[in-house]
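Okay, so here's the structure we're looking at.
Within every chain, numbering begins at 1; the chains are lettered A, B, ... in the order of the sequence lines, protein sequences first and strands thereafter. Hydrogens, waters and symmetry mates are skipped; everything else that's a heavy atom, side chains included, is used.
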Protein chains: 2
Amino acid sequence: MPHCLKLNLSARDRLTDAECAIIDQMGARQKLVPAKHDIVREGDIPTESCLVLSGFSARYHLLANGKRQISAIHVSGDFVDLHSLLLNEMDHGVVALSDCQVALVPHRMLRELTETEPHLSRLLWLSTLIDAAVHRRWLVTSGRLSASAQLAHLLCEIFLRLQVVELVDGNRFSFPISQVELSDALGLSTVHMNRTIRDLREHELVSWKGSEVTILNWDRLAEHGDFDAAYLNIGQQAR
Amino acid sequence: MPHCLKLNLSARDRLTDAECAIIDQMGARQKLVPAKHDIVREGDIPTESCLVLSGFSARYHLLANGKRQISAIHVSGDFVDLHSLLLNEMDHGVVALSDCQVALVPHRMLRELTETEPHLSRLLWLSTLIDAAVHRRWLVTSGRLSASAQLAHLLCEIFLRLQVVELVDGNRFSFPISQVELSDALGLSTVHMNRTIRDLREHELVSWKGSEVTILNWDRLAEHGDFDAAYLNIGQQAR
DNA sequence: CGGAGCGTTGATAGAAGTCAATTGACGTGG
DNA sequence: CCACGTCAATTGACTTCTATCAACGCTCCG
C-alpha cells in the first residue's frame, strides 16, 4: 500500500482519481530491506526507483578520511532515489535505519509518466524540490546553529513530515535511529551527540526513551531550533 | 543571449534544434541587477523564474540570531529560482554577488513546457536535481571536512561549473566573492575564512588575488578537498 | 559466557568563534 | 591635492565549542 505516497503528494496538491490509480500501481513489486542494510548502493545505476512504504532510511556519503555523512533522512512515503531517474549513477548510498518495506518502481514507468502525465510529473518533480529545500535547511542549521539548536530543528522537521503521513501520535513519534547515525546526520561526534540529546532532555524540550520521542514543548523547541515550517511546503495548492 | 543555459543543459544531454529555439526565446525579458542587490527576496511568490545570463549570485538564508548562511552559489546559465515554479513562496533570498544580467522567464511559459515538452521538462527537472546533488555535497563537506578541505572542494566545484559555461581561462577564473560572503557559504567566521584562504595559498594549492583565482595544482587541491566530480553529472547522456 | 553494539561519562586537545585593532584600496568632497 | 569615510582583507589575543581518547555499564544474542 503506497498509501503514504498519496498522503505525501496530496498534502501538497489535490490528486485526481486517475492519478491515485497510477500511484496504486506503483506498489506492485515490493521487497523488505532489513535495518542496517543498503536500499541502494553508491555507484549503482538503478533501473528503478525506491519508494519507501514503511520504515526510516537515510542517504549517506562515505569520505576518504573514513568518516560518514548522512545528507537526508527519509520516512514512509518518500521516494528515496527518484533522482536516479535522471542522474547518472548514485553518488551516495541509501541505508535502511529500521526495517523498510520498499516498492520498486521501474524507471520505464516513471519516464512514461513524464511523457503522458504532466501534472503527476510536476508533483514528482515537486517532491525532489522539497528534498532540495530540506537540504538547504540542513545547510543553514549545520553552518549557523549550535548542535542543540540543530537537533531541535531536525526533530521539528521529522515531526511534521511524519504528521503528513499520519505517523505521529499526539506529540509522540517513533524515531528508530541510533546516536551514531544521528551524529552522522548532524556532522557531530557521537560523544557530542549524546551530550546534545541530554541538553534537550534537561531543558525539558523533549523526552526520548529508546526510539520513542515526545515533544514536550513545541513552541520552545521550534524557537530554539529557529524552525519555520514554510520550506516543507505543506498545504494543498495547484502546482 | 541565454547561450549559457544551452551550454549548461547540453553538457548533460543533446538538445534538439526545436528545444534550442525555445530556450532562445527565454531570454526575451531581461534586467540588470547590480552587485549586492537582491535578485529574489525571501517571502516573494514569483510569477517568473530568473535565469542568470552573466554574473555570480547566491541563495541566502537569514537567521533569528542575525547570522546568514549561503546555501548555493550560482554562475552564468543557472536558473536560480526555477523551483519557485512549484514551491509556495521563497523561503530564502537570492543576492547578486557581482553585477548580474538576468532573464525573467514567466511561470506561464515554463508550465506550458511541462505540458508540451517532456524532454525539455526533464532537463529542467534535471537541473534542479543537480542543484540538490550540490546541496548534498555541501552538507558532506560542511559536516565532515576541515575548513580548508571544504574550501578546496568549493573551488574545485566552481571551477568545473564555470568550465561548462566556458568561463575558465586555463586554470584561472574570476570569482567575485568577498571573504564575508565566502564565510557565509562555508559556515565559518570571516576571521577563520581569511586564515583558511591563507592556508591554501601557503600550501601553494591556489593563487588568489582580488577576484582572480588560479588553481596551481588541481590534483592536490582535489585530493585535499576529497573532490569527486561525479555529482555534477557532467557528460551528455539521454535523459 | 563473551563479544558486539549502543549509550554514557570524564578528561584533554584542537578547531573555530569572538572581540578588537590595523592596513590598504578606493571614492568623495572640501 | 589631501582629509575623510567606507569597505575588504588581515592579524593578534582570548574564549568557546566540539573532537578525540579512554573507559564503563547495559542489553542482546550467538
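Remark: P of dA9(D) and NE2 of H192(B) are 17 Å apart, rounded to the nearest angstrom. Distance, M193(A) CE to dG7(C) P: 10 Å, rounded to whole Å. In this entry the distance linking CG of L151(A) with C1' of dC17(D) reads 16 Å, nearest Å. Taking atom CG of L188(A) as the reference point, atom P of dA16(C) lies 14 Å away to the nearest angstrom. Here the P atom of nucleotide dA9(D) and the CG atom of D199(B) are 17 Å apart, to the nearest Å. Between the CG atom of L186(B) and the C1' atom of dG17(C) there is a distance of 15 Å, rounded to whole Å. When rounded to the nearest whole Å, the span between CG of L182(B) and P of dT10(D) equals 12 Å. For the pair L145(A) CG and dT18(D) P, the computed distance is 11 Å after rounding to whole Å.
K36(B) has no side-chain polar atom (N or O) that falls below the 4.0 Å cut-off from OP1 or OP2 of dT6(D). The side chain of K67(A) places an N or O atom within less than 4.0 Å of a non-bridging phosphate oxygen (OP1 or OP2) of dT20(D). Residue R144(A) places no side-chain N or O under 4.0 Å from the OP1 or OP2 atom of dA16(C). Distances shorter than 4.0 Å separate some side-chain N or O of R198(A) from OP1 or OP2 on dT9(C). Residue N194(A) places at least one side-chain N or O closer than 4.0 Å to OP1 or OP2 of dT8(C).
A donor-acceptor pair is defined here as one N or O able to donate and one able to accept, closer than 3.5 Å; no such pair exists between the side chain of R195(B) and the backbone of T190(B).
Using a 4.0 Å heavy-atom distance criterion, G210(A) is classed as making no nucleic acid contact.
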Protein-nucleotides 27-30 of chain D N/O pairs closer than 3.5 Å?
none

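The side chain of S189(B) lies closest to dG17(C), out of dG7(C), dG17(C), dA19(D). Relative to the side chain of R201(B), the nucleotides dA22(D), dT10(D), dC6(C) differ in distance, and dT10(D) lies closest.
Enclosure of atom CD in E42(B) by more than 12 non-hydrogen atoms of other residues, nucleotides or ligands within 6.0 angstrom is indicated.
Rounding to the nearest 0.5 angstrom, the gap separating the CG atom in L51(B) from the NE2 atom in H74(B) is 11.5 Å. Atom-to-atom distance recorded for D131(B):CG and R59(B):CZ is 4.5 Å, nearest 0.5 angstrom.
The aromatic rings of W218(A) and F159(A) sit tilted, their planes meeting at an angle between 30° and 60°.
Side chain R195(A) to base dG10(C): a donor-acceptor pair is found below 3.5 Å.
A salt bridge links R172(A) with E212(A): the distance from a Lys NZ or Arg NE/NH1/NH2 to an Asp or Glu carboxylate oxygen falls below 4.0 Å.
Residue pairs meeting the ring-ring contact (aromatic ring centres under 6.0 Å, His included) criterion with at least one partner in residues 46-73 of chain A, sequence neighbours excluded, are F56(A)-F175(A), H61(A)-H92(A).
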